[in-house]
Enquirer: 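My questions will all concern the structure given below.
In the text below, chain A, chain B and the rest are named by the order of the sequence lines, each starting its count at 1.
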Amino acid sequence: MLATVASAVVQGVIGHPVDVEVHVSPGLPGFNIVGLPDVCCRESRDRVRAALLSSGFPWPMKRVTVNLAPTGLRKEGASLDLAIAVGLLVAQDVIPKEAIRKYAFIAELGLDGSLRRVPGTLSMADSVECPCAVVSPKAFAEASLIEEKEILSAGSLQETVSCLTGRSEFSSPLATPSEDESLIEEDLCDVRGQSLARKALEIAAAGGHHLLMIGPPGAGKTMLARRLAGLLPSLDADTARVVTRIYSAGDFRIPPGGLIRNPPFRSPHHSTTMPALVGGGSRTLRPGEISAAHGGVLFLDELGEFSPTVLDALRQPLEEGVIRVSRAAGSVTFPAEFVFVGSMNPCPCGQADGPGGCRCSESARMRYARRLSGPLLDRFDMRLFLQRPSVDELFRGKVGESTSKVRERVLRARECAARRGVKSNSSLGAKRIEHEAPLDEEASKMVESAVASGRLSARGLQRVRCVALTICDLEKKPLPLRAADVALALQLRQNPVSLNRSIAAMAASNSSSG
Amino acid sequence: MGIPAEAYLVSLLKLSGMGPARLEMLLKELSPRQSWQMLINEIPAKIAKTAEVSEHLAARWAAEAATEDVEETWRRHCEAAVTMIRRGGECYPWRLSRDSDAPSVLFAQGDPSLLDFPLVTIVGTRTCTRYGAEVAFELGKAAASRGVGVVSGLALGIDAAAHSGALEVAGAAVVGVVGSGLDRIYPKGNASLWGRVRERGLLLSECPLGTMPERWRFPARNRIMASFADVCVVVESHVDGGALTTAVEAAKRGRVVMAVPGPIRSPASAGTNRLIADGCGVICEIDDLFVVMDVVRESLPSRAGRTGAGSERQASSDPEELTPDTELLSAFEWMPATLSTLAERTTGHLGDVACRLERLIAEGKVVQRGLWYERSSLA
């Protein structure tokens with residue numbers, strides 16, 4: 001007896017349809033899975049057998065061959081469990097062959113016959129060719145984001161069989177449409193003082209500019225960064241689907257509503273390995289933290305503590321917005337477009353830019369500085385020095401604007417960017433900036449002297465203009481850019497002197513400007 | 001044999017534990033060639049007696065001498081264009097010749113005539129603060145632009161900052177006195193500075209090529225720097241800093257010692273503040289150095305540029321009194337301030353304040369250090 005059941009596997013974030021062919025024939029009892037299953041997939045034999053027996057179904061005492069087609073594709077994970085079990089039952093005539101024609105089955109089986117969620121259900125359900133897909137109840141919310149297909153769910157193998165044989169109906173647990181479930185509990189008005197840093201956050205949110213914050217411990221770097229995600233506009237429909245797909249495939253937490261609407265905020269610890277950060281892994285190619293931050297914020301606290309190779313792996317995705325991970329087994333592309341926020345201390349002791357000076361030796365400072373490579377530093381459009389708020393600011397400082405107020409301005413600036421045909425100003429190319437960000441006379445004089453004094457490179461100039469354009473958008477001022485916009489953009493692009501120059505050279509730059 | 005007497009001297013200096021005192025002792029009785037031959041022929045007892053060292057050490061010298069290739073060492077010195085200046089010789093620096101503790105031999109790379117300039121020795125701690133580095137830089141630059149040579153030790157921190165400052169000026173006289181052989185760059189991080197001093201100035205050492213930077217050589221090096229100084233300036237020093245030994249050596253030789261005052265809470269200034277308490281000269285502003293040195297300011301050509309800038313400055317500050325710029329300047333309250341604080345004290349618009357700050361920086365009225373802005377002494 002032969003049965004063919006539709007299912008799917010996921011590779012990276014892409015689902016691939018798989019036909020599970022089950023052949024039961026007379027012969028010595030045995031069970032073989034062919035068609036490049038990995039260990040987890042091969043083990044499904046034991047799970048399926050236990051599930052069948054504990055659900056009261058027969059296990060064929062015959063020779064069973066399960067083929068996973070296309071056979072060239074490596075199958076990873078347990079998503080084929082249910083399909084294999086259903087195939088066995090069809091082959092034994094427990095379920096009529098016609099009953100399963102329009103269904104695909106995507107779930108893992110427990111030994112008691114219950115259906116479990118597998119990572120990547122969303123992508124897999126999307127990829128199958130059948131009009132209906134059966135998934136576990138836990139995966140129902142994410143899978144039901146696919147509008148073209150009917151998504152069904154059943155709690156157990158037994159339930160699935162009784163639905164297929166017409167004795168009962170598939171349940172479709174009503175999706176709770178609580179879309180914006182997570183309230184923004186971290187509001188910008190909690191931050192006292194730090195008006196420049198707040199402005200920088202606003203600009204980063206509006207223009208999608210990457211931000212580096214350098215300051216002593218306790219200056220509020222982490223606090224500020226956490227509030228950036230709240231300033232970003234909600235994800236548009238396309239991005240939301242992509243992000244949900246990544247979350248589903250990477251087994252990150254998905255809200256009960258299914259769709260991820262709020263821009264994600266990811267802050268991996270500095271011990272993070274390269275595959276965990278950019279994606280990959282030795283067996284399954286999983287999306288990493290930078291893909292989980294797609295459409296939102298990737299915050300790397302204590303940037304200097306990350307391993308330099310891990311940090312430099314960020315350079316290409318920062319430039320292109322995607323990460324291509326290639327292994328011998330295949331290569332996948334994950335989207336990775338995010339606002340990159342880094343924070344670090346000015347030196348190991350953290351006091352280098354305070355008025356008291358620091359106690360680190362020059363060599364310790366240089367060693368600390370070398371952790372951050374020049375090219376990566378160059379990716380930050382804004383580099384900002386922070387200081388600890390004074391006692392006055394902390395206790396008697398004015399309460400600043402709230403997230404919702406700033407967000408309105410951010411949304412308006414994003415509209416300006418949309419009129420230019422880009423998502424945010426940071427993705428404007430050099431040529432477009434030349435055209436879109438004209439400078440008035442005073443402003444061009446200012447950048448000219450900044451370039452002449454060696455403070456700005458040609459590339460730096462482009463980025464300063466780009467940031468100035470965002471500042472101008474936020475203030476709803478007409479073009480050309482004024483000197484105030486450019487000056488603020490220049491102020492927000494501090495050269496982290498203590499980071500990449502010796503102290504003597506630093507003194508040189510100071511005395512030549514003073 | 002074509003080996004000159006100097007070659008034997010170099011090889012003698014390479015022996016472990018051979019300092020200037022022992023060498024003097026030897027040379028009083030024997031010529032370098034004779035001493036060497038005595039070592040080779042294994043008569044260490046005689047050497048021990050002459051140099052007043054233990055027989056044990058003399059035996060060690062003999063063993064070292066047996067493996068030493070005098071000709072090869074000499075050839076290496078010639079190839080590296082190292083000049084050897086012997087005590088009592090014509091080229092020997094006049095400042096050292098009156099010194100009882102002077103090295104018998106100096107190895108030099110560069111232009112020895114720089115030692116005829118008026119010289120200031122600028123020293124200080126390696127673990128300096130930003131303040132110290134900046135002051136050292138400014139002192140070095142100011143000295144060089146007035147035709148005063150800058151002597152320093154090419155160490156990290158203050159030493160490096162002082163030389164970097166001096167090298168900003170074209171035609172500056174920079175003299176680096178080091179504690180290792182001239183081919184042993186130490187610390188490695190100063191390699192480029194080391195190279196620039198060799199190219200544009202003078203490098204001096206009392207050790208032959210190949211000498212490792214051992215600990216005891218640095219205080220020894222300090223005494224040479226001290227005796228070169230017309231004025232010795234300590235910019236920053238910890239209470240037990242090596243820079244203080246330079247100051248003490250300089251004072252012993254009757255040189256003027258000056259110190260740069262620092263905050264009493266800064267450990268990097270503890271040594272210098274103590275020097276001031278003990279009665280040494282104080283550098284309250286950069287020009288104090290030149291008052292002491294009796295350098296006539298107006299006579300030097302580089303001064304012209306500065307007066308020009310000064311008169312311009314006057315012209316610009318003459319017209320109206322209460323411009324937005326002066327308002328911003330008064331918001332400083334003579335303390336370093338950040339952009340955020342300045343914005344709060346004035347209009348509150350970050351962009352406008354940033355714009356005015358840029359202008360003030362361009363005019364030299366405000367100096368930016370990291371996130372801090374300060375009124376400069378011009379404003």
Enquirer: Relative to chain B, which of Ser195(A), Ala450(A), Ala197(A), Ala483(A) shows the most heavy atom pairs under 4.5 Å?
Expert: Ser195(A)
Enquirer: Where on His349(B) is there a heavy atom nearer than 4.5 Å to chain A: the side chain, the backbone, both, or neither?
Expert: side chain
Enquirer: When you check the gap from the basic side-chain N to the acidic O, do Asp287(B) and Arg146(B) get nearer than 4.0 Å?
Expert: yes
Enquirer: How close do Asp378(A) and Arg383(A) get, heavy atom to heavy atom, and via which atoms?
Expert: CA-NH2, 3.7 Å
Enquirer: Looking only at the side chains, is there a donor atom on one of Ser402(A) and Asp187(A) sitting less than 3.5 Å from an acceptor on the other?
Expert: no
Enquirer: Kindly say whether Leu481(A) contributes a backbone atom to a donor-acceptor pair with the side chain of Asp485(A) at under 3.5 angstrom?
Expert: no
Enquirer: Kindly say whether Cys466(A) contributes a backbone atom to a donor-acceptor pair with the side chain of Thr470(A) at under 3.5 angstrom?
Expert: yes
Enquirer: Counting only heavy atoms not in Tyr186(B), do more than 12 fall under 6.0 Å of its OH?
Expert: no
Enquirer: Sort by residue number and list every member of residues 350-358 of chain B having a non-hydrogen atom under 4.5 Å from chain A.
Expert: Leu350(B), Gly351(B), Asp352(B), Ala354(B), Cys355(B), Glu358(B)
Enquirer: Judged by modelled atom types alone, do His210(A) and Ser426(A) share a side-chain donor-acceptor pair under 3.5 Å?
Expert: no
